[in-house]
There are 4 protein chains.
Amino acid sequence: MKRKGPKYDKIIDAAVSVIAMHGYHQSQVSKIAKQASVADGTIYLYFKNKEDLLVSVFNEKMGSFIERTGEELREKSSAIEKLSTLIDMHFRLLDDDHELSIVTQLELRQTNRALRAKIGEVLKRYLVLIDIILQEGMNEGVFNQHMDTRLARQMIFGTIDETATNWVMNDHRYNLPKLAQPVHQMLVNGLSNNADVS
Amino acid sequence: MKRKGPKYDKIIDAAVSVIAMHGYHQSQVSKIAKQASVADGTIYLYFKNKEDLLVSVFNEKMGSFIERTGEELREKSSAIEKLSTLIDMHFRLLDDDHELSIVTQLELRQTNRALRAKIGEVLKRYLVLIDIILQEGMNEGVFNQHMDTRLARQMIFGTIDETATNWVMNDHRYNLPKLAQPVHQMLVNGLSNNADVS
Amino acid sequence: MKRKGPKYDKIIDAAVSVIAMHGYHQSQVSKIAKQASVADGTIYLYFKNKEDLLVSVFNEKMGSFIERTGEELREKSSAIEKLSTLIDMHFRLLDDDHELSIVTQLELRQTNRALRAKIGEVLKRYLVLIDIILQEGMNEGVFNQHMDTRLARQMIFGTIDETATNWVMNDHRYNLPKLAQPVHQMLVNGLSNNADVS
Amino acid sequence: MKRKGPKYDKIIDAAVSVIAMHGYHQSQVSKIAKQASVADGTIYLYFKNKEDLLVSVFNEKMGSFIERTGEELREKSSAIEKLSTLIDMHFRLLDDDHELSIVTQLELRQTNRALRAKIGEVLKRYLVLIDIILQEGMNEGVFNQHMDTRLARQMIFGTIDETATNWVMNDHRYNLPKLAQPVHQMLVNGLSNNADVS
DNA sequence: GATGAATGAGTTTTCATTCAT
DNA sequence: CATGAATGAAAACTCATTCAT
């Protein structure tokens with residue numbers, strides 16, 4: 001099981017392309033192999049099976065993103081800034097690669113529970129970043145110290161994810177990164193009409 | 001295509017049961033038929049095809065829920081109360097039928113885009129309810145009058161949905177309806193440490 | 001098993017219509033029943049099963065034709081005249097009812113061997129008429145007395161049938177009865193350049 | 001879609017065998033695959049679908065026959081000889097492969113119109129051979145120059161086909177090739193009692 | 001007699017994976 | 001390392017026929 005090499009990357013990229021173009025259910029291994037200019041059997045030299053390939057797609061693309069995000073966050077001093085950065089980077093990641101956005105927001109969701117469980121494993125590292133921000137904000141005193149952090153995390157992730165998914169389902173018709181700031185503001189201040197804080 | 005009768009309901013309920021128990025991809029028509037104690041062919045007297053059955057499952061269960069919710073909201077006088085009611089009813093619907101919650105939060109998502117598009121049609125009527133609440137709250141002056149209502153709707157739905165999905169993925173281990181109040185509070189006031197608590 | 005009554009005829013006619021319009025493989029019992037304005041089950045009061053219905057269609061339509069032809073032939077005095085009459089009546093039968101021509105020449109052939117065997121039974125009575133003409137012509141001395149009558153019968157029937165089938169496959173675009181005379185001439189004199197013309 | 005290779009031929013031959021033995025409607029793909037000693041899926045490496053396989057059966061068997069016949073005819077100098085050769089080769093083809101004769105004369109006819117249309121395409125090349133003979137005979141002056149060549153072609157083909165079909169339906173009980181000469185004689189001279197010419 | 005709701009057997013085709021070369 | 005031909009399991013849907021009313 002080679003996990004590196006030029007063909008490994010070619011297969012990953014081919015998978016994103018094919019899934020984005022033809023949809024998850026029309027993305028046969030043979031189609032991905034042809035797009036990657038390798039033989040069907042070659043895919044099995046690099047991936048245990050199709051599920052492993054799909055998890056790897058998510059892992060490769062999101063894994064490095066999560067790391068970069070973590071690094072970026074460390075450079076910000078306040079929780080408010082960190083949350084803003086997280087949303088901004090998330091939206092820009094998807095805007096920078098529309099194919100990837102289709103794959104992660106739409107296609108990779110129509111998979112069986114086992115695959116989504118493994119994807120969930122990767123996502124956990126992202127959710128940890130959110131938890132850290134929340135904790136920090138509460139320590140700083142800028143976030144409500146009585147809130148349920150699990151709920152807060154679900155609100156943050158659910159809002160970002162729903163916003164991104166709607167953008168993809170609307171064929172990327174509007175500018176997603178521009179929404180980072182208002183989304184951030186809304187998460188921090190909620191719906192209510194209070195004196196602005198952000 | 002008979003759309004009523006005792007067998008119609010029996011098949012709908014059997015589909016929910018089978019999908020919740022065995023998962024979407026292991027829910028063959030013959031399995032649903034057996035669970036409903038009808039012949040395979042009988043299903044096709046009531047539904048055009050398997051996709052039609054699945055859409056109908058969602059429609060039957062969510063359609064009446066959306067109506068009931070709309071009626072309930074009309075009895076509440078403020079946007080705050082209405083939002084609170086919406087979240088509460090949503091969580092109680094899922095808590096009242098754990099099988100249904102598995103089906104709507106997990107299994108019915110791993111379907112092709114065509115099916116999800118039809119499910120989306122039904123959901124739109126739910127999102128309209130949210131929009132009405134938002135508009136009302138802005139008119140009342142309790143919601144921020146400068147906010148992007150589309151984003152606000154995505155925050156509300158995304159948060160509710162993510163919260164519900166996490167609850168299902170944690171095997172309904174904790175009490176979901178109890179989360180309605182804190183979720184509502186968080187949506188209204190955001191993460192920030194405001195003095196006031198709605 | 002009622003073999004008479006107004007519904008019997010209505011079902012037979014409905015079958016011809018439906019088969020001509022939708023083709024053999026799209027002619028379900030329920031479609032024929034609807035066209036005949038009876039319930040599906042009613043068909044089974046008049047016919048043992050679908051095969052029995054189809055054989056009856058052929059029988060009803062061809063049976064009386066064969067009888068009429070036999071009577072007509074008896075009024076002709078020479079074998080030449082009789083052959084001419086046979087071809088003429090055959091072509092006019094099909095021309096008088098285009099739906100029937102589609103059913104007998106195209107649709108009823110794509111059936112299983114059992115059904116075609118039963119249709120063959122009906123046809124035998126027609127072939128007997130041909131045999132009688134041949135025998136008579138040989139006795140009269142106008143037909144070649146050394147010929148194999150089975151072959152002659154196959155030539156006559158094969159030619160008539162092939163001519164009719166081609167006409168149907170060409171959407172009845174030309175006048176079939178007009179071909180009776182030249183077909184007759186060709187069967188009697190063959191391809192060769194004889195001086196005499198019957 | 002590989003169209004050559006040893007398995008291609010094995011599948012074609014297996015199809016003829018299975019159809020001849022079990023009949024068209026009892027010739028499932030899996031039965032043909034088993035007979036050919038390949039997996040079911042292998043058939044779809046060589047044929048687009050079952051219909052494509054069946055058309056290919058006809059094409060492979062009749063296509064080369066039509067070519068051989070065309071070549072043979074070119075070596076004959078007179079239309080009379082050519083017609084004689086055509087009939088003779090046709091009957092010998094069927095007599096050489098009884099299984100094939102069952103398939104082409106009986107089983108392949110009980111197919112839907114789409115399939116028969118494609119088979120008709122192949123047959124057209126055979127009918128062209130007949131047309132050439134007819135034209136030549138008319139030019140030579142041995143065939144009636146006033147005859148309708150389309151009718152003549154239908155008489156020739158209808159007679160040959162009907163003769164062959166009857167032979168198959170009589171379980172090949174008599175010698176078909178021996179009938180070539182009398183059939184030829186009858187086509188040329190017709191039924192009438194003229195001085196022999198052939 | 002007439003109805004029509006219900007039955008349930010039966011088949012083509014796809015595609016992830018293997019393994020001989 | 002790489003290939004790609006071959007494998008074979010698995011499932012939605014149709015429709016002739018029945019029988020309780």
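In what follows, chains carry the letters A, B, and so on, assigned in the order in which the sequence lines appear, proteins first and then strands, with residues in each chain numbered from 1. All values below come from the heavy atoms of this structure, side chains included, with hydrogens, waters and symmetry mates left out.
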State, with a plain yes or no, whether a side-chain heavy atom of Thr104(C) is found less than 4.5 Å away from one of Leu94(C). yes
Spacing between Asp52(D) atom CG and dT12(E) atom C1', to the nearest angstrom: 14 Å
Would you mind telling me which residue lines up with the more 5' stretch of DNA chain F, Gln26(C) or His25(B), judged by nearest nucleotide? His25(B)
Pairs in or reaching into residues 18-41 of chain D: which pass ring pair (Phe, Tyr, Trp, His ring centres under 6.0 Å), with residues at least two apart or in two chains? none
Quick one: Tyr44(C) OH to dT17(F) C1', roughly how many Å, whole number? 5 Å
Just wondering, do Leu115(A) and Asn112(A) contact through their side chains at under 4.5 Å, heavy atoms? yes
Ile11(C) CD1 - dT3(E) P separation (whole Å): 9 Å
Determine the contact category for Val29(B): base if any of its heavy atoms lies under 4.0 Å from a base atom, sugar-phosphate if only primed atoms, P, OP1 or OP2 are that close, otherwise nothing. sugar-phosphate
Figure out the CG/P separation between Leu54(A) and dA16(E), and round it to whole Å. 10 Å
Return the nearest nucleotide to the side chain of Asn49(C); candidates are dT17(F), dC13(F), dT17(E). dT17(F)
Output the rounded distance in Å from NZ (Lys31(C)) to P (dA16(F)). 10 Å
Check for a donor-acceptor pair, side chain of Ser17(D) on one end and backbone N or O of Ala14(D) on the other, with a separation under 3.5 Å. no
Tell me the interatomic distance from Glu51(B), atom CD, to dA12(F), atom P, rounded to whole angstroms. 13 Å
Is there side-chain contact between Arg113(C) and Glu107(D), with at least one heavy-atom pair below 4.5 Å? yes
Counting primed atoms plus P, OP1 and OP2 as sugar-phosphate and everything else as base, spell out the protein contacts along nucleotides 5-10 of chain F at 4.0 Å heavy-atom distance: B, S or - for each nucleotide, 5' to 3'. -BBB--
Does Lys48(A) or Ser30(D) map to a spot on DNA chain E nearer the 5' end, using the closest nucleotide for each? Ser30(D)
Please convert DNA chain E into dot-bracket. A pair counts if it is Watson-Crick or G-U wobble with both distances under 3.5 Å; crossing pairs go in [ ] and bases paired with another strand get |. .||||||||||||||||||||
What pairs meet the salt bridge (Lys or Arg N to Asp or Glu O under 4.0 Å) rule with one or both residues in residues 22-46 of chain B, with sequence neighbours excluded? none
Show me, pair by pair, the donor-acceptor contacts under 3.5 angstrom made by side chains of residues 45-61 of chain A, not counting sequence neighbours?
from     : atom 1 : to        : atom 2 : distance (Å)
Asn49(A) : OD1    : Glu51(A)  : N      : 3.2
Asn49(A) : OD1    : Asp52(A)  : N      : 2.9
Lys50(A) : NZ     : Ser27(A)  : O      : 3.0
Glu51(A) : OE2    : Lys118(A) : NZ     : 3.1
Asp52(A) : OD1    : Arg3(A)   : NH2    : 3.3
Asp52(A) : OD2    : Arg3(A)   : NH2    : 2.8
Asp52(A) : OD2    : Lys48(A)  : N      : 2.8
Ser56(A) : OG     : Asp52(A)  : O      : 2.7
Glu60(A) : OE2    : Tyr8(A)   : OH     : 3.0
Lys61(A) : NZ     : Asp13(A)  : OD1    : 3.1

Does Arg109(D) have any salt bridge (Lys or Arg N to Asp or Glu O under 4.0 Å) partners at least two apart in sequence or in another chain, and if so, which? Asp161(D)
Report the distance from atom CD1 of Ile32(C) to atom C1' of dG4(E), rounded to the nearest whole Å. 17 Å
Any donor and acceptor pair, going by atom type alone, linking the side chain of Arg116(C) with main-chain N or O of Leu106(D) inside 3.5 Å? yes
Whole angstroms only, please: what is the NZ-C1' distance between Lys50(B) and dT14(F)? 17 Å
